[in-house]
Amino acid sequence: MAEPKKTATLSFGNTSIELPILTPTAGPDVIDIRKLYGEGEVFTYDPGFTSTAACDSAITYIDGDLGELLYRGYPIEQLADKSHHLEVCFLLLYGELPNAAQMEDFERRVTRHTMVHEQIHNFFRGFRRDSHPMATMVGVVGALSAFYHDSLDISDPWHREVAAIRMIAKLPTIAAMAYKYSIGQPFVYPRNSLDYASNFLHMCFAVPCEDYVVQPALAKAMDRIMMLHADHEQNASTSTVRLAGSSGANPFACIAAGIACLWGPAHGGANQACLEMLREIGTVDRIPEYIKRAKDKNDPFRLMGFGHRVYKNFDPRAKVMKESADEVLDLLGVHNNETLKVAKELERIALQDDYFVEKKLYPNVDFYSGIILEAMGFPTSMFTPIFAVSRTIGWISQWKEMIGDPTQKIGRPRQLYIGQPRRDYVGVDHR
Ligand code: SDX
């Protein structure tokens, strides 16, 4: 017998409305309020979307209490251990792990789109050398729609497919160009003989004067960082991409909007802010001073890389990242790294402190990533661009899922108006 339809009854004044309850594959039930305003002439109010599901999606699932993250059902720990970023891109985009032939074809298609139009080089010349690479990336990625007119018709599945491949392929190239431009070195072209992560490291660190051989262990660490950052359900930047896409904006413009949102220190900018914080703390003996500040309501200081809207347990990505930090620093012969020492001691102290325990504040994905990236030779300004490169597949997969949904509508939230009631204009002589 079919399950009886579950409903919620909302009663206020003389009104009582039956609202359907939707049951997900995993996670909390969802009360469908779509007819609420039509029948009850009331809005719901949830400014930070703390209790609001903005869409349905089959791509990524997070259980904040368990500290669980699944990409198309596969646990992040297993993917980080057994998969690689381009295979995760295929999984997120198409929903299943590829067989060997599919993987080879996907890698070939991505590889052949890694170059950017030669005129795009000119865009960089308009920026100051000391521009933050995220500023350059927002500008250049948004400008891609001026070049690739054959993948802008979002109603055409083939255009959507080509735009997705182009974005996956070109973001590493653009991020590497932003880095090279910021240090006054010439751009390095992608090399089709290199894997995705090695190609990115080569474009960042090679110079024309000599051969540059990417260390396989560093490429593996870079690839793992990319996998860990690939998608994270409806986070702020993904929601930005979805909202921009809901108006029919072209995919390049939507990804540029996502990059802009990711830049904020409360979101993807936290990896840069976290390393700068660890550097400012400097030594283990100064940690109590900063813990005190983080707990002080009158001090805006927060522990960067700590806390999360969804995770009220360890961020599973932070656990993998912490192990990777030890491996990379060991590989690079970086022992007694003071920053890592401060990070580990800060984590240990915070996780014993009632404030952090009660508020369920744990290290998140941004807490250890900067230590690895700095050890690899990246400046802090490149941390968030690398997050953007990694998250491109998540953004484009979520965008594609939304645009492919025949019931999709433009996102248009309402508000709780607290401004002036209607009033008449008063001439300047009477004010
Ligand atoms: C990412 O959403 C995602 O999935 C994002 C992300 C992804 O992959 O896309 O996971 C990537 O953005 C990770 C988060 C990176 N940001 C930071 O590390 C910045 C520092 N953390 C915070 O600013 C904060 O924790 C947020 C923004 C991450 C989450 O903020 P919420 O959910 O809005 O929680 P909140 O600000 O309401 O905090 C709840 C309480 C508050 O105290 P009370 O007002 O209840 O007394 O916890 C406190 C906060 O003051 N708190 C912190 C804190 N984070 C929250 N106190 C000190 N240090 C912190 N880091």
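Order of listing sets the numbers, starting from 1, for every ligand and every atom in it. Keep in mind it's a predicted model, so treat the numbers as computed, not measured. When a residue number appears, it is its place in the shown sequence, counting from 1.
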Crowding at CZ, R129 (>12 non-hydrogen neighbours, <6.0 Å): yes
Sequence neighbours excluded, every pair satisfying side-chain hydrogen bond (donor to acceptor under 3.5 Å, both in side chains) that has a member inside residues 360-370: E347-Y368
Partner set under side chain to side chain donor-acceptor pair (under 3.5 Å) for S51, not counting sequence neighbours: none
Qualifying residues under salt bridge (charged side-chain N to carboxylate O under 4.0 Å, His left out), relative to E374, sequence neighbours excluded: R279
R108 side chain near D105 side chain, heavy-atom distance below 4.5 Å: yes
Amino acids contacting ligand 1, non-hydrogen cut-off under 4.0 Å: H232, N235, P265, A266, H267, A270, A294, K297, R302, L303, M304, G305, F306, G307, H308, R309, R317, Y355, K359, L361, N364, D366, F387, R391
Parallel, tilted or perpendicular, as decided by the 30° and 60° cut-offs, for the rings of F306 and F367: perpendicular
